[in-house]
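Read through the structure below, which is laid out as structure tokens, and then see the notes.
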Amino acid sequence: MAPGEPWFTEEDRAWAEALKEVEADTCPDCGESWSEATDPANEFEYTAQLIMCHACATSAKTVRAHQDNKGSADGLHVHLEHRKKRG
């Protein structure tokens, strides 16, 4: 970027506005379009599958055990390591 040139071009702004519109019409939980997912005509048009993230499950179990032993979760962060990927 040369001195005096704008940080963002008109095309950059157009892409940003388009993204803003898409994000405004997106459910933060499932990622589906609000306009489609809330349409009564689509009430029975979705299927769901439960999957287990073993990393998240281990994290949750570790935190629960910590709390069950009267440990505070305030400021608690969980560091996960994959046993096979350890250096």
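We number each residue from 1, following the sequence as shown. Here the structure is a predicted model, which means the values were calculated and not measured.
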Mind checking side-chain hydrogen bond (donor to acceptor under 3.5 Å, both in side chains) for [X] and listing every partner two or more places apart, or none if nothing turns up?
{"X": "Trp34", "result": "none"}
{"X": "Asp25", "result": "Ser33, Ser35"}
{"X": "Arg13", "result": "Glu10"}

| field | Residues forming a salt bridge (charged side-chain N to carboxylate O under 4.0 Å, His left out) with Glu43, sequence neighbours excluded | value |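 Result, salt bridge (charged side-chain N to carboxylate O under 4.0 Å, His left out) vs Glu43: none returned.
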
How many angstroms lie between atom [atom1] of [X] and atom [atom2] of [Y], to the nearest 0.5 angstrom?
{"X": "His82", "Y": "Thr58", "atom1": "NE2", "atom2": "OG1", "answer": "10.0 Å"}
{"X": "Glu81", "Y": "His79", "atom1": "CD", "atom2": "NE2", "answer": "4.0 Å"}
{"X": "Thr26", "Y": "Glu36", "atom1": "OG1", "atom2": "CD", "answer": "11.0 Å"}
{"X": "Arg64", "Y": "Ser59", "atom1": "CZ", "atom2": "OG", "answer": "10.0 Å"}

| task | Output the rest of the hydrophobic cluster of Leu76: all Ile, Leu, Val, Met, Phe, Trp and Tyr residues reachable through side-chain heavy-atom contacts under 4.5 Å, sorted by chain and number. | result |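 Direct or chained contacts put Leu76 with Val63, Val78, Leu80.
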
| message | Who clusters with Phe44? Use side-chain heavy atoms, under 4.5 angstrom, across I, L, V, M, F, W and Y, and order the result by chain and number. | response |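 Listed partners: none, Phe44 stands alone.
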
Heavy-atom donor-acceptor pair, [X] side chain to [Y] backbone, under 3.5 Å:
{"X": "Asp12", "Y": "Thr9", "answer": "yes"}
{"X": "His66", "Y": "Ala73", "answer": "no"}
{"X": "Glu5", "Y": "Ala2", "answer": "yes"}
{"X": "Asp39", "Y": "Ala41", "answer": "yes"}

| field | Nearest heavy atoms of Ala37 and Glu32, plus distance in Å | value |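 Closest pair (atom of Ala37, atom of Glu32, distance): CB-CB, 4.1 Å.
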
| field | Neighbour count above 12 (heavy atom, 6.0 Å) for Tyr46 OH | value |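 Correct, the count exceeds 12.
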
